[in-house]
Amino acid sequence: MKRSILRSSVATFALGAVVGAALSVQADEAKKVVKNPEFEKIVIFEGYRSEGAAFGDFNKDGVVDVLSGHYWYAGPDFKKEYKIYEGDAKYNPEGYSNSFVNFVEDLNGDGWDDFILCPHPGVTGYWYENPKGEDRLWTAHESTIELGNESQAWEDVDGDGKNELIFNRNNWYGIAFPNRGDKANESWKFLAVSNENSKYQRYFHGNGVGDINGDGRADLLEMDGWWEQPEDLNAVPWKFHEFKFADAASNILVADFNGDGLNDVFTAWHCHLYGLVCWIQKRDASGAISFDAQWLIPTEPADDFYPKVSQLHSMALADFNGDGVQDVVTGKRWWAHGSKGDVGTNDPALLIWWETKRGADGKVEFIPHEIDDNSGVGTQVTAKDVNKDGVADVLVGNKKGVFLFLTK
């Protein structure tokens, strides 16, 4: 098997001073362009607690912490854990936890990072109020009912600089608007941008946000097309543009990968089978929008294909080599439906970043680089530069555990 990729260190390294030093790199180091970084793997927790994870500063010490499910882990060494709400110490990976996607924001404006939980799809969601250093469980507040989808998005849709929650609710696809400040305890308003459709059931796959038509407004994407945001956001339903982006997508990413000024679409064809594709946007003489497929992993890869990885159930944009162009991190959601549930379910849980390499005349190549072969992704993967070296680091929470990959 040919692997023209960068391998990561798979050994857990001594934390403490090493991580502390990594997280205190001076700002001028961030200006360096790093090509094909190596990754150090930190095993924060072994076992199943959540399908997602997020960064935050939960004790206000100025050091990045990690949150996954009902626990947060204090940086810089992430050895000490703190419980947010009651839950099992470990969940059975043949089943599910109550935590699918995790987001962090100071919702009530008190200066302390809070936790937004997207639970098992279709039930009531909650946000948890940071106790501001008190040794107790966090106070739960209802966010929104019937919180469907398996990989929700937390993006600024209306352009006000604040994120909204994008998901589907009981036959509708739309947006929930968090209340903030002194109104943070009030339930969130849901705006259905779609027509009623039974496909938008609680386990619907596929969700994305981005400006497809270049009008400066964020559109919403799903596996069968995109919903165009009108000038008046509340003028529903939004106009739907049909296009088959996927059969069962995961996250749907929007970025200009080939550098032609038009946003493209990147997603899994089926997040429980094989298939990874970038849809390159095209315009005809009249300005009509269409897309051409550029396949990274075919739907039926040959035995010697690399990377032959199924269940690409989450992905995220980040610049991993400092060239100013968005790359993608994704990987295998190990045991998505248990040990016998899906194609290739027991294959190595690969975590891969795909380098976006632009060429001439709008051509683009995606080059796979393996980060790790024993972690993969959950229903969420998070990429953010936490050690201040100018290159994104990667955080995952899934049925294998909670893992942080720091770039070197």
Side-chain angles (χ1 to χ4, degrees), residues 19-20 22-24 42 44-45 49-87 97-119 125-144 147 152-156 160-166 176-188 316 318 378-388 392-397 402-406:
V19 180
L23 295 180
S24 62
I42 304 175
I44 297 175
F45 179 78
R49 284 180 171 168
S50 174
E51 299 271 8
F55 296 110
D57 180 6
F58 305 113
N59 53 5
K60 286 195 71 175
D61 64 354
V63 177
V64 175
D65 308 311
V66 164
L67 177 152
S68 186
H70 53 303
Y71 284 88
W72 70 271
Y73 309 86
D77 60 13
F78 311 104
K79 289 182 178 180
K80 189 169 180 60
E81 65 179 29
Y82 300 86
K83 186 181 291 187
I84 298 173
Y85 60 88
E86 293 294 345
S97 80
N98 70 337
S99 173
F100 268 55
V101 176
N102 301 168
F103 300 114
V104 171
E105 184 184 317
D106 175 16
L107 288 177
N108 57 5
D110 63 1
W112 295 74
D113 281 341
D114 304 309
F115 168 39
I116 298 97
L117 171 66
C118 296
Y126 291 89
W127 72 272
Y128 290 84
E129 182 179 352
N130 192 317
K132 298 187 286 191
E134 294 182 22
D135 185 16
R136 60 175 175 83
L137 298 180
W138 296 23
T139 302
H141 302 277
E142 180 181 303
S143 59
T144 184
L147 208 172
Q152 296 85 358
W154 181 247
E155 302 281 350
D156 180 12
D160 66 351
K162 300 176 183 178
N163 287 341
E164 288 80 42
L165 186 64
I166 301 92
F177 296 85
N179 295 296
R180 293 178 167 89
D182 57 6
K183 295 183 178 180
N185 295 349
E186 299 177 10
S187 294
W188 302 357
T379 52
Q380 179 183 24
V381 57
T382 301
K384 179 181 179 181
D385 179 16
V386 298
N387 61 5
K388 307 301 181 183
D393 309 292
V394 179
L395 176 66
V396 296
V402 183
F403 307 98
L404 173 62
F405 297 89
L406 286 175

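Worth knowing before you read on, the calculation uses all heavy atoms, side chains too, and leaves out hydrogens, waters and symmetry mates.
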Sub-6.0 Å ring centroid separation between Trp154 and Phe103: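 Yes, the ring of Trp154 comes within the 6.0 Å limit of the ring of Phe103, centre to centre.
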What pair of heavy atoms forms the shortest contact from [X] to [Y], and how long is it?
X: Val396; Y: Phe405; answer: CG2-CE1, 4.3 Å
X: Phe115; Y: Leu67; answer: CE1-CD2, 3.3 Å
X: Pro76; Y: Val63; answer: N-CG1, 3.6 Å
X: Leu406; Y: Ile42; answer: CD1-CD1, 3.7 Å
X: Tyr128; Y: Ala140; answer: CE2-CB, 3.5 Å

Using atom types as modelled and distance alone, determine if a side-chain donor or acceptor of [X] lies under 3.5 Å from a backbone N or O of [Y].
X: Asp393; Y: Leu404; result: no
X: Asp156; Y: Gly161; result: yes
X: Ser97; Y: Arg49; result: yes
X: Asp113; Y: Gly56; result: no
X: Asp57; Y: Gly62; result: yes
X: Thr139; Y: Glu129; result: no
X: Ser68; Y: Gly52; result: yes
X: Thr382; Y: Ala53; result: yes
X: Trp112; Y: Gly133; result: no
X: Asn102; Y: Ala54; result: no

Test: Lys162 and Glu155 ion pair at under 4.0 Å: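 A salt bridge is absent here (no side-chain N lies under 4.0 Å from a carboxylate O).
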Phe177 vs Trp188, side-chain contact (heavy atoms from CB on, under 4.5 Å): CA-CA, chis, key distance, verdict: CA-CA 5 Å; Phe177 296 85; Trp188 302 357; 5.7 Å; no
Stepwise side-chain contact (heavy atoms from CB on, under 4.5 Å) check, Val104 with Phe55: CA-CA 7 Å; Val104 171; Phe55 296 110; over 6 Å; no
Worked check of side-chain contact (heavy atoms from CB on, under 4.5 Å) between Leu117 and Ser99: CA-CA 7 Å; Leu117 171 66; Ser99 173; 3.5 Å; yes
Between OH on residue Tyr73 and CG on residue Asp65, distance to nearest 0.5 Å: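 Nearest 0.5 Å value for the OH-CG distance: 12.0 Å.
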From Glu81 atom CD to Phe45 atom CZ, the distance as rounded to the nearest 0.5 Å: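 It is 6.5 Å, given to the nearest 0.5 Å.
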Residues Tyr85, Asn98; criterion side chain to side chain donor-acceptor pair (under 3.5 Å); working and verdict: CA-CA 11 Å; Tyr85 60 88; Asn98 70 337; 3.3 Å; yes
